[in-house]
2 protein chains.
Amino acid sequence: MHDDLSPLCTRFLTAADLLGRRWTGVILRILMDGPCRFGELTERIGTISERVLSERLKGLEAEGILERHVDPGPPIRSEYRLTEKGQAFWKVIDELGKWAERWVDVKAPAQAQKGAKATRAVAPRKRKSA
Amino acid sequence: MHDDLSPLCTRFLTAADLLGRRWTGVILRILMDGPCRFGELTERIGTISERVLSERLKGLEAEGILERHVDPGPPIRSEYRLTEKGQAFWKVIDELGKWAERWVDVKAPAQAQKGAKATRAVAPRKRKSA
DNA sequence: GCACTCACTTACTTTTTGGAAGTAGCTTGC
DNA sequence: GCAAGCTACTTCCAAAAAGTAAGTGAGTGC
């Protein structure tokens, strides 16, 4: 039985699940540079939909990782900033960034996974494909 | 204009996208402990579907993060193990684990995000809800 | 009053995931 | 020698999540 994973795992799974939601890492990464407004986040990320950004921000706020701060202008603006819990995440993001710098080839568009369904380049299964 | 994000960002986005696929972090975490077979991975993760595990493994293999190694038994077994690129990921996983240990409350089931849709505890929007 | 911005939300479509059952190769029991 | 089991996947279908686009409400500018 391999439940040696269990004790730390509940926490780890939670964290992995957090980062396992699309865009979470990117949002956190941007917020590491300082507070950011909704529109600014949309703009900087570029390809995220506002629907999902809104959802992610609410989720992260609920997790206590960031907080929404409303500046009643008059030009009313809301700002998202990391809490202490969120700030503590910088090491993870930092290591991820370092890994990416060293190992990610810019030419490979990360779409490899999608193609993978059809393209098994290495060690084809012994089973006959017909 | 905030395209100061662009240069590093392509790589970072790729990495974030990788980790942003559900279960990737957990799979990598388990593989950090050593090579693992398909069934063993299923068992250790517990809640992943075999369909998705298979998909993730192929994707990670295509990305060069892990490799499939077939032992022609006779009881034929395949084993997944990290490549150098995959091993290099341990720092990310490690920091994620540390963060989780320090900041994740075991009692909070990470489902906070789901509930968040309905529950805005902090700073309700000024717009009337009717 | 009309156009425009910001920060979201809503409605609808497409993609991903989950769950369960099926398949293929090989061994073991009878 | 064949049903039964094991391992490693794949296939099918329903449910959940993400993408797309248009709408909403408050406020400003003219």
Side-chain angles (χ1 to χ4, degrees), chain A residues 16-27 35-61 66 68-80 111 113-118 120 122-130, chain B residues 16-18 20-24 26-27 35-61 66 68-80 110-111 113-120 122-130:
Chain A
D17 194 50
L18 187 81
L19 217 50
R21 292 167 191 272
R22 206 170 290 178
W23 302 117
T24 305
V26 184
I27 293 169
C36 210
R37 288 181 299 113
F38 188 88
E40 216 181 329
L41 279 165
T42 310
E43 202 187 313
R44 295 190 69 180
I45 301 177
T47 46
I48 193 175
S49 66
E50 298 188 329
R51 202 192 62 74
V52 175
L53 177 57
S54 171
E55 204 170 294
R56 263 329 79 95
L57 290 172
K58 272 183 210 163
L60 292 168
E61 189 187 344
L66 55 81
R68 199 168 75 100
H69 191 275
V70 185
D71 175 357
I76 185 172
R77 284 146 177 274
S78 67
E79 220 181 45
Y80 293 89
Q111 295 321 90
Q113 291 212 42
K114 311 212 163 172
K117 201 167 283 177
R120 282 220 122 250
V122 191
R125 266 73 182 178
K126 288 183 72 180
R127 332 165 40 178
K128 61 178 174 185
S129 44
Chain B
D17 194 50
L18 187 83
R21 292 168 192 272
R22 204 171 291 179
W23 302 116
T24 305
V26 184
I27 293 169
C36 209
R37 290 180 298 112
F38 188 88
E40 215 180 330
L41 278 166
T42 309
E43 201 186 314
R44 293 191 69 182
I45 301 176
T47 47
I48 193 175
S49 66
E50 297 187 331
R51 201 195 62 72
V52 174
L53 177 58
S54 172
E55 205 172 294
R56 264 329 81 93
L57 290 171
K58 273 184 208 161
L60 291 168
E61 188 186 346
L66 53 82
R68 198 168 75 100
H69 191 273
V70 185
D71 175 359
I76 185 174
R77 284 144 178 274
S78 66
E79 219 180 47
Y80 294 89
Q111 296 319 92
Q113 293 211 41
K114 312 214 165 173
K117 202 168 285 178
T119 344
R120 282 221 123 251
V122 190
R125 267 74 180 175
K126 288 183 72 181
R127 334 167 38 181
K128 59 179 175 186
S129 45

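Below, chains carry the letters A, B, ... as their sequence lines are ordered, and counting in each starts from 1.
Counting to the nearest Å, the P atom of dC6(C) and the CG atom of L53(A) are 15 Å from each other. Per the geometry, CD belonging to E79(A) stands 12 Å off P belonging to dC8(C), to the nearest Å. The nearest whole Å value for the distance from the CZ atom in F38(B) to the C1' atom in dA24(C) is 14 Å. Straight-line distance from the CZ atom of R77(A) to the C1' atom of dA26(D): 14 Å, rounded to whole Å. Atom CD1 in I27(A) sits roughly 10 Å away from atom P in dA18(D) (whole-Å rounding). Regarding I45(A), its CD1 atom lies at a distance of 11 Å from the P atom of dG19(D), rounded to whole Å. Rounded to an integer number of Å, the gap from CG of L41(A) to C1' of dC6(C) is 13 Å.
What you find for R21(B) and T24(B) is that their closest heavy atoms are O-OG1, 2.9 Å. Nearest heavy atom pair, residue L57(B) against residue L66(B), reads O-CD1, 3.8 Å. Here the closest heavy-atom approach between residue Y80(B) and residue R68(B) is recorded as OH-CD, 3.2 Å.
Taking only side-chain nitrogens and oxygens, Y80(B) never comes nearer than 4.0 Å to OP1 or OP2 of dT7(D). Under 4.0 angstrom from either OP1 or OP2 of dT9(C) there lies at least one side-chain N or O belonging to K58(A). Close to dT9(C), at under 4.0 Å from its OP1 or OP2, lies a side-chain N or O of S54(A). Contact check, S78(A) against dC8(C): a side-chain N or O comes under 4.0 Å of OP1 or OP2.
Minimum atom distance to the side chain of R68(A) is reached by dC8(C), of the listed dC9(D), dA7(C), dC8(C).
Looking only at side-chain heavy atoms (C-beta outward), L18(B) and L60(B) come within less than 4.5 Å of each other.
Scanning for side chain to side chain contact (heavy atoms under 4.5 Å, CB included) contacts around E79(A) gives P35(A), R37(A), H69(A), R81(A), with sequence neighbours left out.
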(request) Take W23(A) and L53(A) through the test side-chain contact (heavy atoms from CB on, under 4.5 Å) and record every step on the way to the result. (result) CA-CA 8 Å; W23(A) 302 117; L53(A) 177 57; over 6 Å; no
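To the nearest 0.5 Å, atoms CZ (R22(B)) and CD (E55(B)) are separated by 12.5 Å.
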Which protein N or O atoms sit under 3.5 Å from an N or O of nucleotides 17-21 of chain C?
residue: dT17(C); atom: OP1; partner: R56(B); partner atom: NH1; Å: 3.3
residue: dT17(C); atom: OP2; partner: R56(B); partner atom: NH2; Å: 2.6
residue: dG18(C); atom: OP1; partner: W23(B); partner atom: NE1; Å: 3.1
residue: dG18(C); atom: OP2; partner: W23(B); partner atom: NE1; Å: 3.0
residue: dG18(C); atom: N7; partner: R51(B); partner atom: NE; Å: 3.1
residue: dG18(C); atom: O6; partner: R51(B); partner atom: NE; Å: 3.4

